[in-house]
Amino acid sequence: MSELIGCKQNRIPFSSRLFIQLALILVVTTAMCIVADGQSETSPSAPAENKSAEKTDANNNADKPGQPKETKPPVTVTVTEDQIIGISLKAHDATVKEIAAELSKRLKIPIAVTPLIEKHRLTVNFSDLVLEPAMQQLAPQVFIDYEIDTAAGKTPRPLGIYLQGYNEPLPADNAVVKGNSDVMIIEGDTEDTGDSKDKDDQDQELKVKYEKSQLTVVAKKQPVVVVLYAIANELGVPLQVTNEVVDPISINIQKASIESALQQLGQNIRLYLRADLMTQERRPLRILLVGPDKKS
């Protein structure tokens with residue numbers, strides 16, 4: 001009787017119950033696999049997040065004061081001064097203004113750059129170039145003002161450099177080379193007794209001619225200051241005298257450069273000139289006469 005009652009209460013067949021149990025086991029197993037796969041896929045992200053955080057921290061540390069930054073300077077300049085000036089320059093995508101500023105520091109002279117080219121960017125790399133070819137690497141038109149000391153063993157000393165574009169206005173003559181005062185000389189023989197002289201003899205006492213960048217000077221027993229005044233007048237430049245040298249000289253110079261002619265006149269003369277590197281012209285700006293053992 002009890003067996004009959006149990007059969008009635010359990011109306012689901014045995015085969016159906018077995019099928020349901022297997023299905024439940026399959027569902028649970030599948031869910032566990034999905035969870036496990038999800039954990040394995042997400043677990044490597046933690047190191048990636050750590051690396052990202054480390055990079056951010058490194059960047060933040062690099063921005064902190066006192067932390068060294070590995071940045072290369074845009075311009076590197078080396079200047080050597082033995083008998084002549086040698087320049088080594090390395091610049092990568094630097095403006096002409098940046099290069100000129102660094103060169104000015106090393107050469108210890110002013111370098112003027114016009115607005116037309118100051119923002120132009122250059123990449124250059126050269127070693128041990130002398131001044132003029134080095135400057136021609138930086139601008140289409142370059143001017144350099146020099147002081148020429150006629151004393152023995154002296155080399156031309158650059159006073160200022162101008163970097164310009166084509167067809168720009170020329171720099172002012174007194175942009176760098178400035179003078180305090182000019183001198184006026186009354187020409188004539190201070191020992192003249194009043195006797196008349198032949199005109200040819202008077203002409204031969206002092207003759208100065210400047211033509212095609214060549215200077216001719218013929219002087220007979222004339223003070224150096226008088227000869228220099230005649231030269232300055234012929235060149236159209238000011239003459240400044242800080243200590244008058246009155247010793248008479250006799251000299252005959254034929255078609256020489258201005259520098260060479262002045263060196264033959266004495267060791268107390270300074271010539272200031274401007275070199276145009278594009279036309280290779282060297283134009284005088286001023287002449288200065290100093291006393292012995294006195295520098296300008």
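In what follows, every heavy atom counts, from backbone to side chain, and hydrogens, waters and symmetry copies are set aside.
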Q. Just how far is it from atom CD1 of Ile287 to atom CD1 of Ile148, taken to the nearest 0.5 Å?
A. 12.0 Å

Q) Looking at residues at least two apart in the chain, or sitting in another chain, which of them share a side chain to side chain donor-acceptor pair (under 3.5 Å) with Asn125? A) none

Q.
Test your reading of the model: is there a side-chain donor-acceptor pair from Glu118 to the backbone of Pro115, 3.5 Å cut-off?
A. no

Q: Look only at the side chain of Ser88 and the backbone of Asp128, and say whether a donor-acceptor pair between them is shorter than 3.5 Å.
A: yes

Q: May I ask you to decide whether Glu147 forms a salt bridge with Arg157, counting only side-chain N to carboxylate O separations under 4.0 Å?
A: yes

Q | Donor-acceptor under 3.5 Å (Thr242 side chain, Leu289 main chain) | A | yes

Q: Verify, without hydrogens or angle tests, whether Gln214 (side chain) and Glu211 (backbone) share a donor-acceptor contact under 3.5 angstrom.
A: no

Q) Say you draw a straight line from CD of Gln222 to CG of Leu228; how long is it, rounded to the nearest 0.5 Å? A) 12.0 Å

**Q.** Asn167 atom CG, neighbour heavy-atom count above 12 within 6.0 Å
**A.** no

Q) Judged by atom type as modelled, is there a donor-acceptor pair below 3.5 Å linking the side chain of Ser104 to the main-chain atoms of Ile109? A) yes

Q) Should the pair Arg286-Asp173 be classified as a salt bridge under the 4.0 Å nitrogen-to-oxygen rule? A) no

Q: Indicate whether any N or O donor in one side chain lies under 3.5 Å from an N or O acceptor in the other, for Tyr210 and Glu234.
A: no

Q. Listed by chain and number, what are the side chain to side chain donor-acceptor pair (under 3.5 Å) partners of Tyr146, not counting sequence neighbours?
A. Glu132

(Q) I'd like to know if the side chain of Asp82 and the backbone of Ile84 have a donor-acceptor N/O pair within less than 3.5 Å. (A) no

Q. With sequence neighbours excluded, what pairs up with Arg106 under the salt bridge (Lys or Arg N to Asp or Glu O under 4.0 Å) test?
A. Glu102

Q: Drop me the distance from Ile144's CD1 to Gln136's CD, to the nearest 0.5 angstrom.
A: 8.0 Å

(Q) Quick test of your reading of the model: are Asp276 and Arg282 salt-bridged, counting only N-O distances below 4.0 Å? (A) no

(Q) What's the separation between atom CG in Leu103 and atom NZ in Lys108, rounded to the nearest 0.5 Å? (A) 14.0 Å

(Q) Rounded to the nearest 0.5 Å, what separates atom CG in Leu262 from atom CG in Leu215? (A) 7.0 Å

Q) Is Tyr162 close to Gln141 at the side-chain level, that is, under 4.5 Å between some pair of heavy atoms? A) no

Q) Are the side chains of Pro110 and Val176 in touch, meaning some heavy atoms are under 4.5 Å apart? A) yes

(Q) Assess, by modelled atom type and distance only, whether the side chains of Thr114 and Glu168 contain a donor and an acceptor separated by less than 3.5 Å. (A) yes

Q) What is the distance from atom CG of Leu285 to atom CG of Asn174, rounded to the nearest 0.5 Å? A) 9.5 Å

Q | Short side-chain to backbone donor-acceptor contact, Ser250 and Lys221, under 3.5 Å | A | yes

